[in-house]
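Quick note on labels: first sequence line is chain A, next is B, and so on, each numbered from 1. The analysis underlying the following values was restricted to heavy atoms, covering all of them including side chains, and did not include hydrogens, waters or symmetry mates.
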Amino acid sequence: MAQISLTFPDGNSRHFEAGVTPAEVAADISNSLAKKAISAAVNGRHYDLQWPITEDAEIAIHTMKDEAQALELVRHDAAHVMARAVQELWPGVKVTIGPVIDNGWYYDFDRDEPFTPEDLGAIEAKMKEIINRRDPVTTEVWERDRAIKYYEANNEPYKVELIEAIPGTEPIRMYWHGHWQDLCRGPHLQHTGQIPADAFKLMKVAGAYWRGDSNRPMLQRIYGVGFLNRDGLKQHLTFLEEAEKRDHRRLGREMDLFHLQEEAPGQIFWHPNGWRIYTTLQDYMRRQQEAGGYVEVNTPQVIDRKLWEASGHWEKYQENMFIVEVDEEHAREKTVNALKPMNCPGHVQIFNVGLKSYRDLPLRMAEFGSCNRYEPSGALHGIMRVRGFTQDDAHIFCTEDQIESETKQFIAFLAKIYADLGFEDWKIKLSTRPEKRIGTEAEWDRVEAALGTACNHAGYEFEVQEGEGAFYGPKLEFVLTDAIGRDWQCGTLQVDPFLPERLDANYIGVDGAKHKPVMLHRATLGSFERFIGILIEEHAGKLPFWIAPRQVVVASIVSDADAFVHEVVAALRARGVRAEADIRNEKINYKVREHSVGKVPVILAVGMKEVEDRSVSVRRLGEKHTHVAPLDVIVDELAAEALAPDLR
RNA sequence: GCCGCAGUAGCUCAGUGGUAGAGCGCACCCUUGGUAAGGGUGAGGUCGGGAGUUCAAUCCUCCCCUGCGGCACCA
C-alpha cells in the first residue's frame, strides 16, 4: 500500500497509508480527539471524517471549538435530522433539499397537508429524540444509476431530479443518519448526538417553489435556527426581539410618521412628522445634486401608451404598470395612458428638444420622480416596497468614454451622502450580463469593465452577481440592510445604450455627425420611501437631530412656567429648530417618558428655577443625566445642530 | 402572483352560536408635581367586506379584500 505524508498544523508530518480517513488519523493521535472530532480540513477543504485521503496533504482535525466549521456541520446535520423527523412522523412526505443558511437551515418538503405551528413542536420533539439516539452518520459513493433506481423505488422524484442535475464528474454521495438516508455532498458530523439538542428551534413554515421556479410545484419549507449552545440560541432570539422593536412599520406608528390603509395598498399616507423627514431629506438631496452638477427637471405622471411602446416598456413592463383609460363618455377621444413607472423616457424627451452637442455632455438630468408600479401583492412591505414612490432619480447622458469617470464620480457622491446620513456599512453589487440580452459581447465586456474599474478606482470592493444585470446593460447596486439583516437595494447605477436608440436621442459629435449618447440611470437614495424605512431601522427611530421630525419638546414642570415655555419654543423656532411646547397638566415624569418613547432627541424642562434665571434643563434622548443651560446658549447650540451636515 | 397564518375600540390583545371585554391612549375633573406612567370619572366597536347554514352568526362554511412570514418578482 502506498504511503502518504500528512502535515499537521504544528508543522509535524507523519506517514499514513493512502486512503486513510481523518477519523483514523484522529484516533491515531488520541482517543479523546477521536471522540471530539467533527470534521477535518484537508488542504483547506472541509472534509468529512470518513472520506479517504489519497495524497500528501496538510490536515487539521476540527472539534466543536472550531466554531465556523462546527456551526456549518451542526446546522447541516440538523437539517437532515429534521427531514428524518418529518418522515418518521409522516411517512410518504417527499424530501427535496435542505441547505445551511445564515443562523440555521431550511428543508423543503412535498406534502399535501400543510404543516401547522403545532406540527413544528412535534417535529422539534422528534428531532431531540433522534439526537439522543446518537445514530452514527455513515457515507458511501454510489453509481449514478443505482442511486436513481433507489430513489425511484422509494418514490422520491425530487432526489432523482437532483441526481440527474449533478455533473458527471462529481461523485453521487449517499449519507445515512442511522437507518435514514439522504443524498448529500457532505461533510457531516460523526453521529447525531453531536448536535446540541438545546440550541436549536424551528421558526416558521413558508411556501417555496421547487428549484426556485414559479412554474414548478410549491413546496413547504421549514426554517430552523441552530447554534452551538443554549446561549447562542438565546442571543439570537433576543436579537430578533430587539429587531422587532426597530421595525419601521412599528416605529412609523409609534412616532406618528405615516400609515397605510387598504383602499390604497402599497401607497403611503404621510403624517406631518413623517413628511418632515421626507422634505428634510429632499431639501438636502436637492442641494447635493445642485452641487454635483445636476440640473433638475419634472415630467408628467400620465403619459400616452405610444411613448411607452416606443420606449419598450409597453412590451417588457406592462404588467407592472397602472394603465389609465379615460371613460369614453367623458372624453371625445379615448386614449390609453399609463402612470409612469420610471422617469427615463420623460428625460429623453427633454434631452431631445433642441440639438445637443458633445459639449453638452455629460448632461446630468435629475428629477424627484414620482413613480407608480403595480408590484405583485406579495412583494409589498411597509414603506420599503410600495406601489407609489419617489425616486431621487437622474439620467446622465454621456459618451461611452465618460462612463468610467461618471461612475467614479457618482460613487463618491453617494458615499458622501450615505456617510452624512449615518451609513458607514453598505456594499456594492455588480450585476453582469444576463442570458437574455441585447448588444455584442465586446460591448458588454467594455461596459462591465468600466463599472468594475470605476469601483476599484474609487476604492470600493464589489460583489459580482453573475447574470443579474438588466437586458440592456450591467448595473451597480448599492445595498443597505434592515433591522433583521435583509438586504435592500437603495442606490443604483445602470448603463443603458439602448433607450437612446429606441427614443432616438442624438448629439452632434466633434466630427459634425450625429451620435447616440449612452444613458446612465442612477439613484442615490433609490426611493425616499425605502430609504426612510431603512433610515428608521438603522437608527431604531432615534434619527440624527437634523432629520428628526420633532427635534425639541419644551415641557413645563409647573403651569406657572408656561409663558416661559412658549418663549423658549419661539426662540428655537426663530433659529430654525423644530420645537414644540408641552404644557399639559401632567407630571414631568410622564412628559419625559412620553417624549422619550416618541424618540424626541431633546427635552427641555422648565420649572420656576429656570424661569427665574432664564435657563432650561436639558435632557438628551438616551441619556439619564440632565444639565441646566442658559436659554441663549442652548438656542445657539441646538440651532447649529439642526443644520444639515452640508450646511454646517 | 404562489404557500401558510392573521384581521375584535386609536394601539396591544382577551372572548362567546343568543348583537362584546381589559390595559394603554383619548375627553373631563382633582392634583402644580423636578426628569421614563399621580388619582377619579367618562366617551369610544356595523367584531375587515359579501354571501350561505341557522330561530339566531363576531363565532360555523364559502368567496373577496388587506396585513404578516417566506417563495417568485424587483428596468
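Among the heavy atoms of the strands lying under 4.0 Å from A:K475 are primed sugar atoms or P, OP1, OP2 only; no base atom is included. Among the atoms of the strands shown, none is found under 4.0 Å from any heavy atom of A:G526. When heavy atoms are screened at a 4.0 angstrom cut-off, A:R221 is found touching the sugar-phosphate backbone but no base atom. As judged by a 4.0 angstrom heavy-atom cut-off over every strand, A:R486 is placed among residues touching the sugar-phosphate backbone only. Within 4.0 Å of A:Y223, counting heavy atoms only, lie sugar-phosphate atoms of the nucleic acid but no base atom. The residue A:M608 sits close to a base: some heavy atom pair falls under 4.0 Å.
A:L120 has its CG atom 12 Å from the C1' atom of B:C5, to the nearest Å. Straight-line distance from the NZ atom of A:K591 to the C1' atom of B:A36: 14 Å, rounded to whole Å. The interatomic distance linking A:Y106 (OH) with B:C71 (P) rounds to 8 Å, in whole Å. B:C11 atom C1' lies 15 Å from atom CG of A:D247, rounded to whole Å. Rounded to whole Å, atom P of B:G70 lies 8 Å from atom NE2 of A:H381. Rounding to whole angstrom units, CD of residue A:E262 and P of B:G50 are separated by 12 Å. Atoms CZ (A:R584) and P (B:C29) sit 16 Å apart, rounded to a whole Å.
Residue-environment remark: NZ (A:K429) exceeds the threshold of 12 foreign heavy atoms within 6.0 Å. Within 6.0 Å of CD on A:E319 lie no more than 12 heavy atoms contributed by other residues, nucleotides or ligands.
B:A37 and B:G33 are spaced 13 Å apart, taking the C1' atom of each and rounding to whole Å. Nucleotides B:G17 and B:C11 place their P atoms 27 Å apart, quoted to the nearest Å. Spacing of P atoms, B:U12 relative to B:C55, comes out at 39 Å, to the nearest Å.
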Distances for protein N or O near nucleotides 1-4 of chain B N or O, under 3.5 Å:
from	atom 1	to	atom 2	distance (Å)
B:G1	OP2	A:S377	OG	2.6
B:G1	N7	A:G378	N	3.1
B:G1	N2	A:Y209	OH	2.5
B:C2	O4'	A:Y209	OH	3.2
B:C3	O2	A:G207	N	3.1

Extract from the structure each pairing of a protein N or O with an N or O of nucleotides 59-61 of chain B at less than 3.5 Å, listing the distance.
none

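A:F397 is not listed as a side-chain neighbour of A:P362, based on a closest heavy-atom distance of 4.5 Å or more. Annotation: side chain of A:E254 is in contact with side chain of A:R250 (closest heavy-atom distance under 4.5 Å).
Taking only distance into account, the side chain of A:R385 meets the base of B:C73 through a donor-acceptor pair shorter than 3.5 Å. A:E610 contributes a side-chain N or O that forms a donor-acceptor pair with the base of B:G34 under 3.5 Å.
Nearest to the side-chain atoms of A:K609 among the listed nucleotides B:G33, B:G34, B:A37 stands B:G34. Closest to the side chain of A:R593, out of B:U66, B:G69, B:A37, is B:A37. The listed nucleotides are B:G70, B:U32, B:G67; the one nearest the side chain of A:L380 is B:G67.
In this structure, A:R437 forms no cation-pi arrangement with A:F471, as its terminal cationic atom is not both closer than 6.0 Å to the ring centre and no more than 45° off the ring axis. For the pair A:K204 and A:Y223, the cation-pi test (distance below 6.0 Å, angle within 45°) is passed.
Here B:A14 sits opposite no nucleotide as a Watson-Crick or G-U wobble pair (both hydrogen-bonding atom distances under 3.5 Å). Nucleotide B:G34: unpaired (no Watson-Crick or G-U wobble partner with both distances less than 3.5 Å). Pair assignment for B:U46: none, as no Watson-Crick or G-U wobble contacts are both less than 3.5 Å. Of all nucleotides present, none satisfies the Watson-Crick or G-U wobble test against B:A20 with each distance under 3.5 Å. Nucleotide B:U66 is matched to B:A6 when pairs are restricted to Watson-Crick or G-U wobble geometry with both distances under 3.5 angstrom. The partner of B:U61 is B:A51, by the rule that a Watson-Crick or G-U pair needs both atom distances under 3.5 Å. For B:A27, the paired nucleotide is B:U41, the pair qualifying as Watson-Crick or G-U wobble because both relevant distances are below 3.5 Å.
Contact annotation: A:R619 does not reach the phosphate of B:G34 (side-chain N/O to OP1 or OP2, under 4.0 Å).
The only option from A:R387, A:R385, A:R530 that meets the salt bridge (charged side-chain N to carboxylate O under 4.0 Å, His left out) definition with A:E375 turns out to be A:R385.
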